[in-house]
Amino acid sequence: EVSVRVEDVSFQYANEQTNALQNVSFQVYKGEWVTIVGHNGSGKSTLAKLLIGLLPPTSGTIHVCGIPLNEETVWDVRERLGIVFQNPDNQFVGTTVQDDVAFGLENRGIQKEEMKKRINEALKKVKMEDFIHHEPHRLSGGQKQRVAIASAIALQPNIIILDEATSMLDPSGKKEVLHVMQSLRREHDMTVISITHDLNEVAKADRVIVMNKGKIVLEGTPAHIFAYG
Ligand code: ADP
Ligand code: ADP
């Protein structure tokens with residue numbers, strides 16, 4: 001089952017001569033963990049913005065869970081996506097971990113009982129259930145990102161996108177988050193797409209997409225990618 005299908009996608013910023021993305025095609029299957037790697041400027045963030053419908057492709061098509069992404073479907077598509085960004089401190093809205101995870105659920109009008117259940121389940125999945133009444137800002141980097149992941153998965157997305165979500169973390173924080181990413185796809189059958197510079201993260205994924213100058217230059221299992229150096 002295909003989760004994300006990107007077909008012949010190109011993107012050009014209005015003020016730029018060259019395409020930030022050039023004829024990019026790939027698929028991500030349900031329950032698969034794919035990492036996207038590449039030098040700065042290779043087009044990773046642009047690709048992430050296209051996947052979440054923040055920018056429309058200049059040409060080509062994107063399907064998310066079988067839905068063709070366009071102006072009319074963008075909100076429907078976003079409900080299927082959870083997104084976690086680089087800086088854990090920029091994504092907290094609640095004064096406690098519980099409030100923080102509740103925020104998105106409240107916005108969707110989820111009832112109290114269901115909300116409690118979802119908060120507890122999400123925090124369990126990231127092993128943060130013991131921190132439910134803690135202040136997010138006082139947590140370690142790895143704990144903060146796990147709360148950010150919990151807030152995303154409480155909304156029950158099909159796919160979680162992590163845009164350099166481990167890059168500001170210390171080694172132990174990185175390890176915690178990678179562990180969570182693994183369990184999300186193995187135990188909870190979620191599709192995970194992570195943009196990263198971290199080789200440990202690349203090694204743990206099912207598949208790696210290497211980008212350079214807006215193109216996919218290599219794609220394969222971590223073993224395959226590492227063999228090419
Ligand atoms: P990465 O995430 O891999 O570092 P980006 O997607 O940010 O790469 O950038 C890809 C290319 O698009 C780069 O050449 C970058 O300078 C350009 N770019 C990114 N954002 C913009 C923008 N808002 N306006 C113009 N050019 C941009
Ligand atoms: P990243 O590698 O994480 O994309 P960047 O430094 O490339 O970080 O980009 C940071 C922000 O600046 C992004 O929002 C990106 O869209 C924007 N940006 C990047 N390159 C350009 C550019 N050439 N012109 C305008 N905005 C840009």
Side-chain angles (χ1 to χ4, degrees), residues 3-28 32-64 68-71 74-75 77-78 80-91 141 144-145 148-149 152 157 159-170 173-174 177-178 181 191-222 224-226 228-229:
S3 232
V4 174
R5 186 196 303 275
V6 174
E7 282 174 291
D8 208 22
V9 163
S10 296
F11 183 82
Q12 185 171 18
Y13 286 99
N15 51 342
E16 294 291 309
Q17 298 294 321
T18 56
N19 282 352
L21 294 174
Q22 182 70 49
N23 303 106
V24 170
S25 297
F26 65 93
Q27 297 185 12
V28 182
E32 194 183 19
W33 175 5
V34 169
T35 58
I36 300 174
V37 301
H39 295 297
N40 282 333
S42 60
K44 305 182 299 294
S45 295
T46 303
L47 179 59
K49 285 176 195 163
L50 264 67
L51 289 178
I52 62 176
L54 221 54
L55 294 171
T58 307
S59 64
T61 56
I62 297 171
H63 284 78
V64 176
L69 179 55
N70 57 47
E71 225 176 312
V74 66
W75 294 104
V77 164
R78 277 193 202 156
R80 288 152 211 273
L81 302 172
I83 304 145
V84 178
F85 296 101
Q86 183 172 29
N87 189 343
D89 289 312
N90 289 344
Q91 25 198 348
K144 285 175 182 171
Q145 285 302 57
I149 292 171
I159 303 156
I160 184 151
I161 298 177
L162 301 114
D163 190 353
E164 306 215 14
T166 60
S167 63
M168 291 178 79
L169 306 180
D170 62 16
K174 281 193 168 89
V177 172
L178 293 191
M181 282 150 85
T191 306
V192 179
I193 299 175
S194 66
I195 295 174
T196 188
H197 288 288
D198 185 75
L199 291 181
N200 284 321
E201 188 168 334
V202 171
K204 288 198 166 61
D206 299 306
R207 199 148 53 89
V208 187
I209 291 174
V210 184
M211 297 192 60
N212 189 33
K213 296 182 180 162
K215 290 183 185 163
I216 294 178
V217 290
L218 199 55
E219 190 181 339
T221 61
H224 174 84
I225 300 296
F226 286 130
Y228 278 85

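As the structure is a computational prediction, the values presented were derived from the model and not from experiment. Counting starts at 1 for both ligands and their atoms, following the listed order.
Atoms of ligand 1 found under 4.0 Å from any heavy atom of Ser45 (numbered from 1 in listed order, with element): 1 (P), 2 (O), 6 (O), 7 (O). Atom numbering of ligand 1 starts at 1 in the shown order; those under 4.0 Å from a heavy atom of Thr46 are 5 (P), 6 (O), 9 (O), 10 (C). Near Asn40, meaning under 4.0 Å from one of its heavy atoms, ligand 1 places the atoms 4 (O).
For ligand 1, the polar-atom distance check against Ala20 finds no nitrogen or oxygen pair separated by under 3.5 Å. Between Ser42 and ligand 1, an N or O atom pair is found at a separation short of 3.5 Å. At under 3.5 Å, a nitrogen or oxygen of Gly43, whether backbone or side chain, sits near a nitrogen or oxygen of ligand 1.
Between Leu50 atom CG and Leu21 atom CG the span is 6.0 Å, to the nearest 0.5 Å.
Heavy atoms of His39 come nearer than 4.0 angstrom to ligand 1 in at least one pair. Residue-ligand proximity: Gly38 is placed with every non-hydrogen atom at 4.0 Å or more from ligand 1.
Residues in residues 202-218 take part in these salt bridge (charged side-chain N to carboxylate O under 4.0 Å, His left out) pairs, two or more places apart or across chains: Glu32-Arg207, Arg185-Asp206, Arg207-Glu219.
Contact record, Ala152 with Ile160: CB-CD1, 4.0 Å, taken as the closest heavy-atom pair. Here the shortest heavy-atom pairing between Asn87 and Asp89 reads OD1-N, 2.9 Å.
Residues forming a side-chain contact (heavy atoms from CB on, under 4.5 Å) with Thr221 (at least two apart in sequence, or on another chain): Ala223, His224.
Each of Leu169, Asp198, Val84 was checked for a side-chain contact (heavy atoms from CB on, under 4.5 Å) with Val177, and the lone residue meeting it is Leu169.
Under 4.0 angstrom from ligand 1, the non-hydrogen atoms of Asn15 all belong to its side chain. Contacts between Glu16 and ligand 1, counted as non-hydrogen atom pairs separated by less than 4.0 Å, involve the side chain only.
Put simply, the side chain of Lys44 gets close to the backbone of Gly38: a donor and an acceptor are under 3.5 Å apart.
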